[in-house]
Amino acid sequence: MNTWGTNQGRDIPFDIIGQHWPNAVGTTTTKSPLDSKWSMSGGGKWELDDDVRVGGFLSFFYDRDSSFYDNGIEDSWFVTPTEGLVPEYFGGNPASGEFQSSLLDVTQASESVQWGGLGTFGIETPNHKLGVALLYTRMAENTAVLATNTRGKAYFVGPDFIPGNPVYDPTDPAAPGNNQYWLSSPYQRLETLVYTEETTASTIFSGEHKLDFSGDEASSGEDADGGLFDTPILDWRLSFSEAVYDQPDKTQFSAYWLPPSNDFFPPPEPGAWLALRPAESTLLGWAQHIWQKVTESSDQIAINLKLPFTLENDRVGYTKFGVFGDSVQRSYTQSSFTNENDPDSFYIAGWDEPWSTVFPTQTHPMVESIYDVDYDGFQRIGAVYGMLDMPLGEKFNVIGGLRVESTSLSTNVFGGPGATWFPPGGLVPISFASDPTAANTNFDQSDLLPQIGLQYEANDELVFRANFARTLARQTFRELTPILQQEFLGGPIFIGNPDLQLSELKNYDFRVDYTPEEGWFFSGSWFYKSIEAPIEYAQFVAPQNFSYTTAVNYPQGTMQGIELEARVKMDTVAERLKGLALGANATFIDSSVGLPQDEQDALALIGYPMAERPMTGTPDFLLNLNATYELEATGTQVGRFYNLSGTTLESGAGAETLTGVFIPSIYALPYATLNFTLQQSSGEHWKGFFQAKNLLNPEIQTVYRSEYLPADVLNTSYTAGVDFAVGLSFQMDF
């Protein structure tokens with residue numbers, strides 16, 4: 001698939017108003033390009049004299065990549081009081097005989113080009129270090145998504161759904177089901193073409209200074225005068241970053257198809273395409289062109305003063321003080337064009353002759369949307385802290401500190417003349433014209449964040465650690481802004497929540513590390529987190545009768561688990577196993593959140609009571625296994641890497657009390673990945689390599705799951721494919 005040249009440039013085409021859209025609105029099939037990547041780097045360090053060294057490093061990379069799958073599924077289901085579990089429908093209902101459904105078969109292809117570079121330079125003396133780093137990356141990506149719905153018709157029309165219904169047969173114009181149910185869940189074709197450019201640029205200045213006032217650099221780092229502290233160390237960091245997401249044109253086209261029918265078009269006609277306005281886009285036409293740009297800048301400063309000291313038993317500790325500041329600004333703008341008042345709302349053709357192929361040659365006047373929403377966001381974080389690492393006796397260390405942190409976060413949301421926003425839990429959308437500032441946020445909070453830890457070194461091999469810390473989890477701009485966000489037409493929808501608050505975490509963990517000999521390492525830990533107002537993702541039904549996900553603060557949450565890790569070099573077991581190294585780590589997690597009372601009441605009202613569930617985004621386990629082998633004699637390196645992620649809740653269940661609709665929770669199912677690498681050196685300068693990624697090529701799936709369902713119901717599914725790569729590298733040391 002490709003996008004027929006969707007990059008129309010950066011300029012918003014206001015001159016298209018009143019004209020028909022001249023460019024492609026649909027997908028086509030073509031051969032995938034050849035993927036490739038290359039990079040080069042170099043650097044060094046030089047002595048200017050006995051006390052001054054300078055160094056630098058430069059690198060550049062280029063990566064062309066593509067991906068494709070044609071077995072995707074994007075199904076939306078809900079439970080109604082009368083039909084039970086059925087595909088989500090809108091624009092009517094099965095009883096009325098005129099409605100749309102959403103059981104989508106998805107084909108998606110993308111190609112991207114990414115390039116960038118990194119440059120660093122530093123100068124160093126015995127007491128001072130100064131450095132600067134410059135980073136720039138740029139990526140352009142073309143994505144085409146084709147989503148078709150033919151399974152909805154087969155589900156709703158026929159005796160399997162309503163006993164006695166005539167069977168639907170799209171190949172037989174005379175079939176009774178065609179004439180009787182031609183507007184019941186008709187075939188759909190949804191096409192999305194997206195071109196985006198993303199750039200990031202960062203400039204980072206840093207320094208470290210030993211504040212040796214004795215004038216004797218040789219004594220640097222020691223307390224030559226017998227004072228309380230050894231030589232103080234001052235370090236600082238100043239960074240300026242900017243990230244730009246530029247979407248010059250996102251084209252969306254949607255239509256539904258009616259088979260030949262005596263009740264609409266006579267049988268000699270092949271069928272007809274009609275305009276489809278999805279439930280979430282009813283205010284726009286069926287051809288939409290969306291310009292979007294997000295610019296985010298961040299300025300950070302950090303200054304730390306470390307005061308080391310040495311005790312009588314020669315154990316070293318330190319106290320440290322610091323300040324931190326981060327200022328982030330974000331600008332989000334959107335301009336949309338659509339054929340909102342288009343009179344030509346049908347096209348006579350068969351299912352295999354999509355309307356999108358001829359749409360650019362027809363007359364479809366474009367108008368500028370009055371429903372766009374922009375916003376500006378601002379976040380400022382300031383902190384001061386102090387900490388102490390104090391040795392106690394010969395084996396204990398106490399590490400404690402206190403951080404005073406302030407967060408200021410605000411968003412200003414601007415809507416067009418007809419724009420609306422979605423209030424949390426509201427029954428109807430709110431117009432910006434009626435209240436221009438209601439969707440804004442203004443959040444200020446200051447927190448005391450203590451931390452205390454204890455470390456006990458039983459011997460050289462065995463170390464015990466215990467820690468407590470209070471931390472924060474902040475809202476993102478995306479989670480705060482109540483605008484509809486959708487990756488592709490027909491895909492899942494996310495809407496932000498301006499009432500969202502940050503979460504406060506109390507973290508406890510106990511850890512044991514064991515190093516019996518060189519190359520061997522074993523570790524085990526237990527952790528527990530108590531979370532106030534955790535940010536959770538839950539599902540709701542909008543007034544326009546479409547489901548969406550939003551972020552909500554739940555009252556309380558907990559998470560606990562154990563982590564296990566092992567790394568072993570096998571040459572200590574047998575000399576013939578020299579070069580073989582094995583590694584494994586596993587995490588097992590149990591989490592729970594209590595639902596807000598209003599959600600509990602809503603679910604209980606429609607007959608699906610629920611008081612708690614797992615936390616979103618938290619897998620119940622993670623497993624990683626790796627094995628590497630290096631044969632020095634031949635310059636051969638081999639590696640295998642296996643990863644398995646457990647079941648993960650993506651969004652919690654939701655209810656719509658007016659209609660009694662219940663949306664079950666959505667879980668991501670476990671899937672494993674297996675990667676293989678082979679590298680072979682040749683001579684002094686050359687290396688060849690072979691890589692195979694995702695060898696198992698598993699189905700990546702999400703399902704609807706609930707104690708009120710007899711079994712899981714498929715929500716999404718696709719396979720990412722297997723990637724193979726070969727390459728060659730050259731290295732020369734001077």
Of the non-hydrogen atoms in V373 and Y332, which two are nearest, and what is the gap between them?
O-CE2, 3.3 Å
Between W286 and W355, what is the ring plane arrangement, given parallel below 30°, perpendicular above 60°, and tilted in between?
tilted
In a check of side chain to side chain contact (heavy atoms under 4.5 Å, CB included) between Q100 and each of P186, S184, P87, S185, which one passes?
P186
Test applied, side chain to side chain contact (heavy atoms under 4.5 Å, CB included); reference residue, K250; option that passes from I290, T196, L193, T143
I290
F156/F99 aromatic ring centres below 6.0 Å:
yes
So which atom in I700 and which in A720 form the shortest heavy-atom distance, rounded to 0.1 Å?
CD1-CB, 4.4 Å
Testing the basics here: between T648 and T618, what is the closest heavy-atom pair and its distance to 0.1 Å?
CG2-N, 3.5 Å
Q600 side chain to L595 main-chain N or O, any donor-acceptor pair under 3.5 Å?
yes
Between the side chains of T550 and N497, is a donor N or O closer than 3.5 angstrom to an acceptor N or O?
no
Decide yes or no for F540 and V552: does some side-chain heavy atom of the first lie under 4.5 Å from some side-chain heavy atom of the second?
yes
Heavy-atom closest contact (G652 atom, R613 atom, distance):
CA-NE, 3.6 Å
Verify whether one side chain among E650 and T702 offers a donor that lies under 3.5 Å from an acceptor in the other.
no
Partner residues of S651 under the side chain to side chain donor-acceptor pair (under 3.5 Å) criterion, sequence neighbours left out:
none
For a quick test of reading the model, state the closest non-hydrogen atom pair linking Q539 to S665 and the distance between them.
NE2-CA, 4.0 Å
The salt bridge (Lys or Arg N to Asp or Glu O under 4.0 Å) partners of D75 (sequence neighbours excluded) come to R151
Applying the ring-ring contact (aromatic ring centres under 6.0 Å, His included) criterion to W273, which one of F359, W351, F346 satisfies it?
W351
Nearest heavy-atom neighbours spanning A433 and P436:
O-CD, 4.4 Å
T27 backbone acceptor or donor facing E191 side chain under 3.5 Å:
yes
With no hydrogens and no angle check, do the side chains of E353 and Y347 hold a donor and an acceptor under 3.5 Å apart?
no
E74: which of T716, L714, D105 passes side chain to side chain contact (heavy atoms under 4.5 Å, CB included)
T716
Between V25 and H289, is any pair of side-chain heavy atoms under 4.5 Å apart?
yes
Calculate, to the nearest 0.5 Å, the distance between atoms CH2 and OG1 belonging to W257 and T150 respectively.
11.0 Å
Is any side-chain heavy atom of T80 closer than 4.5 Å to a side-chain heavy atom of Y89?
yes
Is there a donor-acceptor pair closer than 3.5 Å between any side-chain N or O of D374 and the backbone N or O of F414?
no
Would you please indicate if the ring centroids of W77 and Y155 are separated by under 6.0 Å?
yes
Mind checking what makes side-chain contact (heavy atoms from CB on, under 4.5 Å) contact with F494, not counting sequence neighbours?
R478, E479, Q485, Y537, T549, A551
Distance-only, no hydrogens or angles: does the N440 side chain make a donor-acceptor pair with backbone N or O of V413 under 3.5 Å?
yes
With a 4.5 Å cut-off on side-chain heavy atoms, are L709 and V79 touching?
yes
Expected output: side-chain N553 to main-chain Q501 donor-acceptor under 3.5 Å:
yes
